[in-house]
Amino acid sequence: MTEAWSARTIVVGVDGSSQSRHAATLAATLARAAGAKLHLMTVVRPPEGWWGIVGSPPTPTALSKTLTDAQREILDAVVSQVDLDGVDYETIEDIGDPARVLIDYCESVSADMLIVGKRGAGFIERLVLGSVANRLAHDAPCPLLLVP
Ligand SMILES: Nc1ncnc2c1ncn2[C@@H]1O[C@H](COP(=O)(O)OP(=O)(O)OP(=O)(O)O)[C@@H](O)[C@H]1O
Ligand SMILES: [Mg+2]
């Protein structure tokens, strides 16, 4: 990173957890202050078995409506709970491996920062970092902010 850094594009990963809501709250405050575009993204992980046979992700129509409805609810909830006044934002839904999809998306929009919770909606309390946060800490293509 030789050129001056500026926050024009901020991506936040949203999974319905309180940590990801905290991440979105922080991201909205930063985006407002910096005049950045905020991308609120949720990724549905397809049920086990989708990938093995054909090796390509399911189309949204093939994916169970329950899953895509849940995804919409997660985004609606965060948009209603987080103060987005004066923030230029959009919501994005995608399907696949969450860390991989977030990484690819950050690359595609040349994100200046990715913000996620340290943990998420998973059940495993013993992890210091959730597995998505952990993979992003290794492979994020831009500065990463982990929010407790
Ligand atoms: N499916 C997802 N879509 C978008 N963002 C996500 C998704 N899953 C996780 N994140 C982001 O990553 C953060 C950390 O979640 P992570 O999944 O790593 O922890 P966890 O759910 O506690 O653990 P695990 O999923 O390994 O059981 C979340 O707070 C959220 O910001
Ligand atoms: Mg998780």
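Both ligands and their constituent atoms are indexed starting at 1 by order of listing.
The shortest N or O to N or O distance between V116 and ligand 1 is not below 3.5 Å. Considering backbone and side-chain N/O atoms, K118 never comes within less than 3.5 Å of an N/O atom of ligand 1. Distances between N or O atoms of V44 and those of ligand 1 include no value under 3.5 Å. At under 3.5 Å, a nitrogen or oxygen of A133, whether backbone or side chain, sits near a nitrogen or oxygen of ligand 1.
Looking only at distances, no side-chain donor or acceptor of Q81 sits under 3.5 Å from a matching main-chain atom of T25. Although no hydrogens or angles enter the test, the distance criterion places no donor-acceptor pair under 3.5 Å between the side chain of D88 and the main chain of K37. With hydrogens and angles disregarded, no donor-acceptor distance shorter than 3.5 Å links the side chain of R8 to the backbone of D112. One N or O on the side chain of S20 and one on the backbone of D15 form a donor-acceptor pair closer than 3.5 Å.
Residue A121 approaches ligand 1 through these ligand atoms, each under 4.0 Å from one of its heavy atoms: 21 (O). Heavy-atom contacts of S17 reach the following atoms of ligand 1: 29 (O) (cutoff under 4.0 Å). Residue M41 approaches ligand 1 through these ligand atoms, each under 4.0 Å from one of its heavy atoms: 4 (C). Using a 4.0 Å cut-off to heavy atoms of P98, the atoms of ligand 1 that qualify are 1 (N), 2 (C).
Only backbone heavy atoms of V14 (N, CA, C or O) come within less than 4.0 Å of ligand 1; its side chain stays farther off. Within the 4.0 Å heavy-atom criterion, neither part of R45 lies near ligand 1.
Between V101 and M41 there is a side-chain heavy-atom pair separated by less than 4.5 Å.
Evaluated by nearest non-hydrogen atom to atom 28 (C) of ligand 1, the leading choice among R135, Q19, R119 is R119. Comparing A23, G130, G120 against atom 22 (O) of ligand 1, the shortest heavy-atom distance belongs to G120.
Between V147 and the options R21, H22, K118, a side chain to side chain contact (heavy atoms under 4.5 Å, CB included) holds for only H22.
Nearest heavy-atom pair, A99 versus L136, reported as atom, atom and distance to 0.1 Å: O-CD2, 3.9 Å.
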Please determine whether side-chain contact (heavy atoms from CB on, under 4.5 Å) holds for the pair Y105 and D94, giving the CA-CA distance in whole Å, both sets of side-chain angles, and the decisive distance to 0.1 Å. CA-CA 10 Å; Y105 187 75; D94 208 342; over 6 Å; no

